[in-house]
Asks: 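Sharing a structure with you now.
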2 protein chains.
Amino acid sequence: MAKADETGSYKGSGKLRPEEMIYQEMLDAILDRRLEPGMKLIEEDLAQTFGVSRARIRATFLQLAHDKLINLVPNRGAFVSEPTIDEAIEVFAARRMIEDGVARKVAVSMTDERAAQIRNHLDREHDAHHRGDHRAAIILSGEFHLLLARLTGNLVIEEFLERLILRSSLIIAMYESPQPVDCSHTEHDDLLKALTSGDPDVAAAEMSRHLDAIRDRLQLQRPKPGKTDFASIFGRNPKSVAS
Amino acid sequence: MAKADETGSYKGSGKLRPEEMIYQEMLDAILDRRLEPGMKLIEEDLAQTFGVSRARIRATFLQLAHDKLINLVPNRGAFVSEPTIDEAIEVFAARRMIEDGVARKVAVSMTDERAAQIRNHLDREHDAHHRGDHRAAIILSGEFHLLLARLTGNLVIEEFLERLILRSSLIIAMYESPQPVDCSHTEHDDLLKALTSGDPDVAAAEMSRHLDAIRDRLQLQRPKPGKTDFASIFGRNPKSVAS
DNA sequence: GACAACAGGATTGTTAACAATTTTGCATGC
DNA sequence: GCATGCAAAATTGTTAACAATCCTGTTGTC
């Protein structure tokens, strides 16, 4: 998710790693839906676009596939992931399991300084929201959760949650309501209140509520866009492949 | 960890994927400490050993590095991971955060059939232990935790925990006491008891206790083996690099 | 004798060409 | 008209060679 300040200087010199750059660019394109779910990613074309060799594109594909953002099919190629409804539900259930723990840990280790840090982030979220910058709002919303993970001081959790949040972003981009509801920013306020209450159970409960709310705002009942479901369009059951 | 039955047939034919095989073999070698922590992994040698091209070895390296089992240094090569003490502590803290949730979820969805499934696994653990098969005992011990993750029905959690358990195995292999204490098998019995109690808090508490116990059995105070710490050997403080 | 510069070898990074596979378009036959 | 088979094009998978980088041992100098 396009972190602005994490330039990640390489070996102290000003040299930028091209691999990271390509991963980031493809990531942004997927989350922006400039690359639509299901779209075929052709190695040669991407290699020319980025001015690198196919080998590097292949390596990048492995990373993206590991994060479940693309799908690698042997001898067929790479496709932008099309998370199913079941997958979407599972991802948010997994986040709830982990972020409950995060909320608990942050709640019991809360200090004035940390609360200020969170509040500072919330200000930026509100700002983006009032500016009407929907894209920035989504990114900042994800980074809010990442900030909490960072406050646990556990790098393992932080890294895993980062991937899970990216995956969530793809899911949200795919299934979000046509008219953006965006009530999320007040929920983060509630979350901060619960986190500063000092009661881990309260914090965990609020986190669960919030994640469920995000999930429930998605349109997880309609057929996936991009994959036309002719059977449902014409009111018939799909033909079964065997027997 | 050398799963016996998951043959993973490819496209229905009997053809085995060589990539998976190489990953598995290297994984086993690392966990067996036939490849010691810190050891340099030379692409050319491995390619000849497995009879494949360097490109495939490089791809395998990316996977292993993603799972933190090896360390990839630009222009220097690949090295078997040497998890630090801090890292070890973080991994077990992360597992506690996640597996607390797993235990809670399994406890509230416990059935007779599931209990029998767990008990069946415990029998195999005890069997390996009585046979004195230390290696099998370690593998089965890891798979016990994976079984619980699977019972949550959440593939996301299952996959992440699988990687975390592998990483734990490397940590255990690196830091375990010279004389294997192996009291773990009775702890799993206690865990089953807590899981069948129906109380999620009891289950989570027992899981926390168990993971802390594993961590505490490790020798996390001594300097890492394989990296001779001359300073402590000769009773001096290591020279600081700057100022 | 210690230290720096240097050359040779080893190893990784990159590119391009070739082989294998899949997809696509077209022709053929029913 | 529709399915089948075939051939060409497109794409992925693999290999080998070359370039860049790093490590090691040696030599020369102070």
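Throughout, protein chains are lettered first and strands after them, A, B, ... in sequence-line order, and every chain is numbered starting at 1.
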Asks: Please give, in whole Å, the distance from C/dA20 C1' to A/Glu43 CD?
Replies: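 Taking CD of A/Glu43 and C1' of C/dA20, I get 14 Å after rounding.
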Asks: Does D/dT21 have OP1 or OP2 under 4.0 Å away from a side-chain N or O of B/Arg76?
Replies: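 False: B/Arg76 side-chain N/O out of range (4.0 Å or more) of D/dT21 OP1/OP2.
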Asks: Expressed as a whole number of angstroms, how long is the span from B/Ile42:CD1 to C/dG13:C1'?
Replies: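 Going from B/Ile42 (CD1) to C/dG13 (C1'), I get 16 Å.
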Asks: Whether the side chain of B/Arg33 engages the backbone of B/Ala173 through a donor-acceptor N/O pair (distance < 3.5 Å, no angle test) should be reported.
Replies: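 Yes; at least one donor-acceptor contact below 3.5 Å.
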Asks: Give the intermediate values and the outcome of salt bridge (charged side-chain N to carboxylate O under 4.0 Å, His left out) for residues A/Lys68 and B/Glu159.
Replies: CA-CA 12 Å; A/Lys68 299 282 171 70; B/Glu159 285 180 4; 2.6 Å; yes
Asks: Would you mind reading off the distance between A/Leu62 atom CG and D/dG13 atom C1', rounded to a whole angstrom?
Replies: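 So the CG-C1' distance, A/Leu62 to D/dG13, works out to 13 Å.
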Asks: Go through D/dT14, D/dC22, C/dT15 for me and flag the one nearest to the A/Arg58 side chain.
Replies: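 Looking only at side-chain atoms, A/Arg58 lies closest to D/dT14.
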Asks: What is the distance, to the nearest angstrom, from the CD1 atom on B/Ile57 to the P atom on C/dT11?
Replies: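 It works out to 15 Å between those atoms.
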Asks: Once you round it to whole Å, what is the distance between C1' of C/dT11 and CZ of B/Phe61?
Replies: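 The distance from CZ of B/Phe61 to C1' of C/dT11 comes to 11 Å, rounded to the nearest Å.
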Asks: Is the distance from OP1 or OP2 of C/dT12 to the nearest side-chain N or O of B/Arg54 less than 4.0 Å?
Replies: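 Indeed not, no polar side-chain atom of B/Arg54 lies that close.
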Asks: Knowing that exactly one of A/Arg150, A/Glu162, A/Arg95 qualifies, which makes a side-chain hydrogen bond (donor to acceptor under 3.5 Å, both in side chains) with A/His145?
Replies: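 Output: one option passes, namely A/Arg95.
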Asks: By nearest atom, which of the nucleotides D/dT15, D/dT12, D/dT14 is closest to the B/Arg56 side chain?
Replies: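 My answer, after comparing the listed nucleotides, is D/dT14.
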Asks: Output yes when at least one side-chain N/O atom of A/Ser53 is less than 4.0 Å from OP1 or OP2 of C/dT14, else no.
Replies: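 So the side-chain polar atoms of A/Ser53 never come under 4.0 Å of the phosphate oxygens OP1 or OP2 of C/dT14.
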Asks: Give the rounded distance in Å between these two atoms: CG of A/Asn75 and P of D/dA10.
Replies: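 These atoms are roughly 19 Å apart.
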Asks: Looking just at side-chain N and O atoms, do B/Ser109 and B/Arg114 make a donor-acceptor pair shorter than 3.5 Å?
Replies: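 Looking only at side-chain atoms, B/Arg114 and B/Ser109 do form a donor-acceptor pair, the distance falling under 3.5 Å.
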Asks: Among C/dT11, C/dG13, D/dT15, which nucleotide has an atom closest to any side-chain atom of B/Lys40?
Replies: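 Looking only at side-chain atoms, B/Lys40 lies closest to C/dT11.
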Asks: Take atom CD1 of A/Ile70 and atom P of D/dT12, then tell me their distance rounded to the nearest Å.
Replies: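 A/Ile70 atom CD1 is separated from D/dT12 atom P by 11 Å.
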Asks: Report the distance from atom CD of A/Gln48 to atom C1' of C/dA16, rounded to the nearest whole Å.
Replies: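 Interatomic distance, CD of A/Gln48 to C1' of C/dA16: 13 Å.
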Asks: For A/Leu41, answer base if it contacts any base atom (sugar-phosphate contacts may also be present), sugar-phosphate if it contacts only those atoms, and nothing otherwise; contact means non-hydrogen atoms under 4.0 Å.
Replies: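 Contact class for A/Leu41: sugar-phosphate only.
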Asks: Indicate the atoms forming the closest heavy-atom contact of B/Met26 with B/Leu35, along with that distance.
Replies: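 That closest heavy-atom pairing would be O-CD1, 4.3 Å.
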